[in-house]
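One-based numbering along the sequence shown. Since the structure is predicted, the reported quantities are computational estimates derived from the model, not experimental observations.
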Amino acid sequence: MEDALSSDIDLVEHVESSPVPLPGIELAEALHHEQYPALVRFLLLNGASWAEAQDAVQDAFTQMCAPGLSVTHPRAWLRTVAWRSWVSQQVKPEDSCAEIPEPPTSLRWQTPAHAAELGEEERRVLSLLLQLPTKQRAAMAWHLDGFTTAESARAMRTTQAAVRQNLARARAALREGLGLEGRFNDERRTT
């Protein structure tokens with residue numbers, strides 16, 4: 001049992017440092033425990049409901065187990081596949097050429113445990129995040145998960161300049177929504 005656990009840990013450490021594609025099923029087994037909650041959070045920040053996020057994440061891990069699949073950047077691959085799975089849940093058959101859906105902007109994804117953990121300020125920030133335009137919300141979600149603008153741009157199929165612009169706009173909207181705009185500018189002048 002300990003040998004299996006240590007080999008999974010070794011594989012997880014090797015995963016992000018190696019540009020060599022690794023078998024998807026081995027990655028799925030090694031990354032499931034670590035990445036499942038992070039992927040659900042990523043989709044929640046994009047506007048998915050709790051159930052939609054869990055379904056999409058499970059679909060991404062299932063796709064990773066496809067025979068013969070090799071993955072070079074598994075964290076980004078999982079987020080991209082989970083996000084696409086969630087988007088496909090939102091698009092009705094008659095809207096097959098539709099843009100990314102705009103979900104309702106309410107906090108509808110909380111579990112009872114998570115709802116108890118959220119403070120007033122966190123609820124406010126999350127509410128503001130969900131009110132951002134889709135591209136700004138997506139850029140912020142990738143950023144909050146620790147991806148660079150280059151990685152985010154590649155996953156979002158856009159340019160780094162577009163990602164930086166959407167991040168800047170998202171940050172400005174969040175500062176304004178939180179009433180930090182004046183304070184931020186005042187602090188800049190004093191330093």
Side-chain angles (χ1 to χ4, degrees), residues 16 34-57 60 73-91 95 98-191:
E16 295 305 322
E34 172 201 346
Q35 287 296 307
Y36 190 92
L39 284 164
V40 169
R41 177 183 159 269
F42 173 77
L43 292 174
L44 295 175
L45 290 174
N46 270 290
S49 71
W50 186 258
E52 291 167 344
Q54 288 183 319
D55 286 347
V57 169
H73 303 286
R75 289 179 61 234
W77 187 93
L78 281 167
R79 279 158 182 75
T80 302
V81 173
W83 183 79
R84 288 179 185 159
S85 177
W86 170 65
V87 168
S88 71
Q89 292 175 26
Q90 307 305 304
V91 178
D95 297 337
E99 283 283 319
I100 301 169
E102 282 293 336
T105 59
S106 64
L107 292 175
R108 58 193 176 95
W109 49 267
Q110 300 164 351
T111 65
H114 191 259
E117 292 173 6
L118 282 180
E120 183 61 33
E121 188 172 315
E122 289 172 306
R123 289 176 201 263
R124 198 164 149 218
V125 169
L126 289 171
S127 177
L128 290 169
L129 275 171
L130 292 175
Q131 292 175 27
L132 293 173
T134 305
K135 291 179 181 179
Q136 290 177 23
R137 191 172 54 244
M140 186 59 77
W142 281 95
H143 175 73
L144 291 174
D145 261 12
F147 288 87
T148 66
T149 55
E151 293 167 328
S152 301
R154 187 172 43 252
M156 294 169 61
R157 293 185 178 158
T158 188
T159 64
Q160 288 185 46
V163 170
R164 283 191 296 272
Q165 183 179 43
N166 282 311
L167 275 173
R169 289 178 177 169
R171 287 178 180 131
L174 291 172
R175 276 194 304 271
E176 182 180 328
L178 292 170
L180 301 174
E181 193 64 40
R183 284 185 8 193
F184 182 73
N185 290 334
D186 292 342
E187 288 174 11
R188 269 187 164 169
R189 286 185 204 125
T190 60
T191 57

> Between Gln160 and Ala150, what is the shortest heavy-atom contact and its length?
Replying inline: NE2-CB, 3.5 Å
> If we only count heavy atoms from C-beta on, is the Arg41 to Leu144 side-chain gap below 4.5 Å?
Replying inline: yes
> Where do Ala38 and Asp145 come nearest, in terms of heavy atoms and distance?
Replying inline: O-OD2, 3.9 Å
>> So, taking the atom named CG in Leu174 and the one named CG in Leu132, what distance separates them when rounded to the nearest 0.5 Å?
In response: 5.0 Å
> Which pair of heavy atoms, one from Asn166 and one from Ala139, lies closest together, and at what distance?
Replying inline: CB-CB, 3.9 Å
> Would a 4.5 Å heavy-atom cut-off, applied to side chains only, mark Val57 and Gln35 as touching?
Replying inline: no
> In Å and rounded to the nearest 0.5 Å, what is the OG1 to CZ distance from Thr148 to Arg154?
Replying inline: 7.0 Å
> Taking it one step at a time, do Arg75 and Phe147 satisfy side-chain contact (heavy atoms from CB on, under 4.5 Å)?
Replying inline: CA-CA 9 Å; Arg75 289 179 61 234; Phe147 288 87; 3.8 Å; yes
> Side chains of Trp142 and Thr80: does their closest heavy-atom pair fall under 4.5 Å?
Replying inline: yes
> Looking only at heavy atoms, what is the nearest atom pair of Ala48 and Leu44, with distance?
Replying inline: O-CD2, 3.4 Å
> Would you say Leu39 and Leu43 make side-chain contact, with heavy atoms under 4.5 Å?
Replying inline: no
>> Using 0.5 Å steps for rounding, measure from the CZ atom of Arg79 to the CD atom of Glu151.
In response: 10.5 Å
>> Quick check: closest heavy atoms across Asn46 and Arg137, and the distance to 0.1 Å?
In response: O-NE, 2.7 Å
> Which atom pair, heavy atoms only, marks the closest approach of Arg84 to Ala155?
Replying inline: NH2-O, 4.4 Å
